[in-house]
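Accompanying notes for the structure given below.
Every number for a ligand or one of its atoms is a count from 1 in the order of the listing. Numbering starts at 1 and runs along the sequence shown.
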Amino acid sequence: MTSKTVTLTDNATGKVIELPVHEGSHGPDCIDIRSLYKELGYFTYDPGFMSTASCSSAVTFIDGSEGTLLYRGYPIEQLAAQSTYLEVCYLLLNGDLPSSDELHDFSRIIKEHSMMHEAVRGFYDGFRHDAHPMAIMVGVVGALSAFYHDATDVHNPEHRKISAHRLISKMPTIAAWSYKYANGQPFMYPQNRLSYTGNFLAMMFGVPTSTYEPDPTFVRALDLILILHADHEQNASTSTVRLSGSSEANPFAAISAGIASLWGPLHGGANEKVVMMLEDIVHSGKTVEEFVARAKDKDDPFRLMGFGHRVYKNYDPRAKIIREMTHKLLAEMGGGEHDPLFEVALKLEKIALEDEYFVERKLYPNVDFYSGIILRAMGIPLNMFTVIFALARTVGWISHWNEMMQDPESRIGRPRQLYTGSKTRDYIAIEDR
Ligand code: CMC
């Protein structure tokens, strides 16, 4: 809190009020409008939260014009180059990097919780064979709220910690099983001998009839993808988790709500849509330029998937890292960089970065533009892309939920509205209508 204020004059009544201004450690200051309605009788109007900070948070910082992303103050570039996903999980949850003992203990705890109650298996059978794995994720993660009754007090920090560990730990199992179910293959159980990421790959691609050893290059690539997706401050899914959790709902149910929000193509679902769009371009016989023209046409709802971002008006720093990794991985795989899909992606990127429409609107490729390409190159099926995003983001969601539950300023989320419906009118009996 600073002594800075903003003075607001209501031109209709002449009433003047002073609103306090809060200064963060980075980023724009925030005008505290909590007394506005009481003092002047107005609400603020901000659909899509274009200028609204819904909370204060110490987890993640983004500077959209600079293209900066910090987890607990650490630049994403440094974490991507030097850290591991589990270490990043510890950092996001606890606020600081762990000592080696702390990391060792944390990894052990996460491994210990990776199995699920056997009854959870039964939930999968309720889904159609062709259910989208994200639909299964929403259902099964929500269903976890019917288990684990030993840690349901959301005001108890120890209970919250156990729920956080369970979620991070079980998410790879839930995700891999959603894939196995759709493929009619037996579910694979977690193996504690493997790393967090290696274990996920083993549960996805392994079968009981043979031993599966995850490829170290893929393990590192996937680990990096998980790091890059681990948190992104108050995006749609995180805000959904916060809003649903603000009523003191069960954390598994709140995370399930976050998964539902993430699924949309404007958010995490974009990684799947990017590859679908690239495939469409390759197979349509049309040129990349024709697709770019469609994206610019206001009468055509088509958008270039993987381009644009509410906050980044510069290159998404995650996209830069994945872009480089995509080049490396495809080259290592031998000839991968000549994949027609990748070639179309590069062409699209080049055209869009030079086109006035995209330049003017500061529409850069976002993380989803490249993550789909790299996941595809690793043999991950298309419908699992957003599931992997959900797996990675779980730690971000739960860190924000935990922060909110500890914040003395947090209250049940209850936005107001600008009502535009009918004025009060009298009921008319049906025979008189
Ligand atoms: N293709 C063509 N035009 C676009 C695109 C695009 N991908 N994105 C934005 N625009 C245009 C939009 O039509 C508008 O133009 P105008 O000012 O003439 O009306 C302008 O750019 C601003 O767009 P907006 O929709 O008002 O911006 P927003 O902040 O509400 O939406 C967005 C951000 C990410 C939803 C949007 O850019 C989009 O739909 N992108 C494609 C989907 C996508 O890649 N999503 C992944 C986001 S990153 C990862 C994540 O969040 O999970």
Side-chain angles (χ1 to χ4, degrees), residues 46-52 60 62 64-65 67-69 76 134 137 225-242 257-278 280-281 288-323 345 348-375 382 384-397 400:
D46 187 17
F49 301 100
M50 302 293 287
S51 301
T52 298
T60 289
I62 305 172
S65 46
T68 306
L69 170 60
I76 192 66
M134 279 299 277
M137 294 291 287
I225 287 175
L226 299 186
I227 292 174
L228 297 178
H229 288 81
D231 194 41
H232 216 226
E233 52 118 306
Q234 313 308 324
N235 54 81
S237 57
T238 303
S239 297
T240 302
V241 170
R242 278 187 179 259
I259 297 173
S261 167
L262 183 79
W263 192 4
L266 300 187
H267 191 8
N271 56 11
E272 183 178 337
K273 298 286 180 216
V274 166
V275 170
M276 287 164 101
M277 175 187 76
L278 294 174
D280 221 24
I281 298 175
V288 173
E289 287 80 357
E290 282 173 276
F291 278 83
V292 172
R294 277 189 64 197
K296 288 159 44 175
D297 181 355
K298 288 283 156 216
D299 298 325
D300 190 331
F302 174 76
R303 282 188 165 196
L304 281 193
M305 298 314 287
F307 277 81
H309 197 275
R310 169 64 60 78
V311 183
Y312 293 121
K313 301 302 167 197
N314 197 328
Y315 225 102
D316 178 341
R318 304 165 300 172
K320 254 190 207 160
I321 299 168
I322 300 201
R323 184 183 195 278
L348 192 60
E349 181 197 31
K350 188 168 183 304
I351 295 175
L353 285 175
E354 287 167 0
D355 189 290
E356 204 184 302
Y357 173 96
F358 289 85
V359 174
E360 216 174 67
R361 290 169 179 75
K362 299 189 164 65
L363 300 171
Y364 289 86
N366 57 50
V367 69
D368 290 321
F369 188 66
Y370 300 104
S371 62
I373 299 169
I374 199 159
L375 290 171
L382 193 61
M384 284 299 287
F385 292 5
T386 315
V387 172
I388 287 173
F389 194 156
L391 193 172
R393 184 56 59 83
T394 297
V395 67
W397 291 329
H400 282 273

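The nearest pair of heavy atoms linking L375 to F385 is CB-CE1, 3.6 Å.
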field: Trace of the ring pair (Phe, Tyr, Trp, His ring centres under 6.0 Å) decision for H232 with Y312
entry: CA-CA 11 Å; H232 216 226; Y312 293 121; 5.3 Å; yes

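The CD1 atom of I281 lies 7.0 Å from the CG atom of L304; values are rounded to the nearest 0.5 Å.
Salt-bridge formation is not detected for the pair R294/E290: no Lys NZ or Arg NE/NH1/NH2 atom is positioned less than 4.0 Å from an Asp or Glu carboxylate oxygen.
When atom types are taken as modelled, the side chain of H267 and the backbone of S237 share a donor-acceptor pair closer than 3.5 angstrom. Judged purely by atom type and a 3.5 angstrom limit, R323 has no side-chain atom pairing as donor or acceptor with the backbone of A319.
Protein residues with a heavy atom under 4.0 Å from ligand 1 are P265, L266, H267, G268, A270, A295, K298, R303, L304, M305, G306, F307, G308, H309, R310, Y357, R361, L363, N366, D368, F389.
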